[in-house]
There are 2 protein chains.
Amino acid sequence: MGVMSIPDHTTGQARRRKKQHSGVTMADVGRLAGVSQVTVSRALSDPSKVSAETLQKIRDAIDVTGFVPNAIAGALASQRSMLISAFVPSITNIVYSSFIQTFNARIRSSGYEVLLSETGFLPEEEEKLVAAHLTRRPDAVLLTGIHHSARTRKMLLGAGTPVVEVWDVTDSPIDVCVGFSHSGAGRAAADFIADQGYRSAAVVSAGDERAQRRMRAFSDRFAQRTGAAAIQLDFPAPASLANGRLGLRQLLETHAFSDGAIFCSSDLLAHGVIIEARARGLRVPEDVAVLGFGDQDFAPHTDPAISTIRVDRQELGRAAADALLERFAGRRPERDVFDIGFEIVRRASC
Amino acid sequence: MGVMSIPDHTTGQARRRKKQHSGVTMADVGRLAGVSQVTVSRALSDPSKVSAETLQKIRDAIDVTGFVPNAIAGALASQRSMLISAFVPSITNIVYSSFIQTFNARIRSSGYEVLLSETGFLPEEEEKLVAAHLTRRPDAVLLTGIHHSARTRKMLLGAGTPVVEVWDVTDSPIDVCVGFSHSGAGRAAADFIADQGYRSAAVVSAGDERAQRRMRAFSDRFAQRTGAAAIQLDFPAPASLANGRLGLRQLLETHAFSDGAIFCSSDLLAHGVIIEARARGLRVPEDVAVLGFGDQDFAPHTDPAISTIRVDRQELGRAAADALLERFAGRRPERDVFDIGFEIVRRASC
DNA sequence: TTGTACGCGTTATCAT
DNA sequence: ATGATAACGCGTACAA
């Protein structure tokens, strides 16, 4: 157990380069405690199966040696990695990161760890990453959205692990699915805006397939309700204040937009629109009304506060985690599609 | 290839949901290709060590079987997990997540994967998470900040893995360290503000030890330069628009602040201050000047645009990744402390 | 170029 | 309550 020798910090540079952890094994601990390796394993996984005194001896030996269990060996032997692969389009988009935050917390409290990767908005990229992750034998996989390459689906099916798709709903999920209807949200937005008597409308989005589905549904419904076609603007991702400002500028200057409501695919865009409007001396909502999406935490604190569509990201994270944990417990959830819905939050901007 | 046959367990408890991937091993692939397991291993890790025709046979066999290498077994055998543990205070804070994004990209392109965890701002929480991660034998660890519990340091030293501490500098890093001086940034802010003739100042921060160090240095220097004490406001994390607005409100109403500059510990707070100021009809920077921190991507697009202190997060992510990759290559970096500096960006708000 | 033998550090299965 | 022994699936000598 040469491991125990303290790395000589004296020279500072003389530290080892190869990976050779503490190198202390259960066998080492057992030897020191006067028991076999298996007993150490048991003491750790289920202390009740070991007598009080040997348990104490083992604990002492662990303290002395600084033993750290090797989860890799454990995973190989037990065929459970205690790892969950998660894929989101962007980790810098707070909409996804806050969702992951909740998912993470829930998952971790059950002993699992989350291996997170950013896929961007291209299925091919997702495919590569899924392949890479499957190599680590995750016990479950979380995917954002319901559109995945054929190979991705095949790999996932082949792996036989539970899969949860989030942020959308579909009748044919890979496994289970929790989200809400984007076209439904778009229609609700159109109704909300039409109900307030607006006769003209525009949408501004930023390169996200789900956002575009909301926008299409919005336009269809708005036309249906008012007979007017909504002007459509789509920027490349990511959604930003800059694109919001640019959006209003283009709407005003090249689309002759006036006196109507703008449905933005994100609160960030909505905020940009508001900033641009005020910089131009336009009143919100009198001259331009703005409806956002996401109910991000800043939405109530802009001036005017942003009216928006709220999606309960915490609930989404919890539900996704719970669906997986249910599967781990051997149960299948009652349904395989959970629609957590959305809610229009009326504030001052629309 | 026993895998392909239906598991017929004695009790007839057909295919349990244990975790049973495709179950195809290198041995299975080899059998089908007419070679041994090692040859398959070689074909995958270094195709040049295998003859062209057997390589082809192996590839075919892989396609047919849908073989997915088991990285867990690989890690156990090679003693390299190809995993890097990273810890940041918050994944929803874009300042950290955008840094991680770059770090991730760099790391992944070298075949490693990043296991990310959120520590909050308490060393004890970090300690628990580090212990959990060490269990998976990461090949390296990334830590945010330079303040860690004694046990955390001890565990890390004991593990013998490379460690990079980021977002700060110190003379005594655990291993290597890349960041910038927070007190230096605070002083630079004070000079910047004093140079413009402001005679009164306030700071508003949001519960982050590094931010507080900036603030303290700011106050000291500002007092030194002008003889005036800066009013200090500290909110609980996270920094938000709401806290920025609240900050200005408190400054105005309970601290009789007027006609000076406010140094915020984050651009988000700065934006909040600006919104509150404009909502009150105050002019920025004439009535209240605002200096932010971080140069987040929205900073140039607020109205007025936020003057701020820029930290090159991309560079930080790259440098951290490179420091680790160097270590993997067996080299030690020339220095173990990298100061990537910062830069004051003057825009309209100050 | 290919194969044999062994080890990595656990968990699972039986036995005692 | 504890121990022997066999997997787990792959890498790394070393041999052929």
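Letters A, B, ... are given to chains in the order of the sequence lines, protein chains preceding strands, and every chain is numbered from 1.
Taking atom CD1 on B:I72 and atom P on C:dC8, their separation rounds to 19 Å, with Å as the unit. Between the CD atom of A:Q79 and the C1' atom of D:dA7 there is a distance of 9 Å, given to the nearest Å. Per the geometry, CG belonging to B:N70 stands 18 Å off P belonging to C:dC8, to the nearest Å. One can place CE of A:M26 at 14 Å from C1' of C:dC8, the figure rounded to the nearest angstrom. The distance from atom CG of A:D28 to atom P of C:dT10 is 9 Å, rounded to the nearest whole Å. To the nearest angstrom, P of D:dG9 lies 16 Å from CG of B:L44. Nucleotide C:dA12 holds its P atom 11 Å from the CG atom of A:D46, rounded to whole Å. In this structure, the CZ atom of A:R136 is 14 Å from the P atom of D:dC10, given to the nearest Å.
The two atoms that bring B:I91 and B:S97 nearest to each other are O-CB, 3.5 Å, heavy atoms only. Of all heavy-atom pairs between B:L316 and B:G179, the closest is CD1-CA, 3.9 Å.
Taken to the nearest 0.5 Å, the NE2 atom of B:H148 stands 10.5 Å off from the CZ atom of B:F87. How far CZ of B:R80 is from OH of B:Y112: 5.0 Å, rounded to the nearest 0.5 Å. Atom CD1 of B:I100 is separated from atom OG1 of B:T144 by 6.5 Å, given to the nearest 0.5 angstrom.
Checked by atom type, the side-chain pair B:S117/A:R108 shows a donor-acceptor distance below 3.5 Å.
Side chain of B:T54, nearest nucleotide from D:dG3, D:dG11, C:dT2: C:dT2. Checking D:dC8, D:dC10, C:dG3 against every side-chain atom of A:L76, the shortest atom distance belongs to D:dC8.
Within the structure, a side-chain polar atom (N or O) of A:S36 is placed less than 4.0 Å from OP1 or OP2 of D:dG3. One finds no side-chain N or O of A:S51 lying less than 4.0 angstrom from the OP1 or OP2 phosphate oxygen of D:dA1.
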Pairs under 3.5 angstrom, nitrogen or oxygen only, protein versus nucleotides 12-16 of chain D, please.
none

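Just one residue in the list B:I72, B:V68, B:N70 forms a side-chain contact (heavy atoms from CB on, under 4.5 Å) with A:T135, and that residue is B:V68.
Toward the 5′ end of DNA chain C lies the nearest nucleotide of B:L55, the other residue of the pair A:T25 and B:L55 mapping further downstream.
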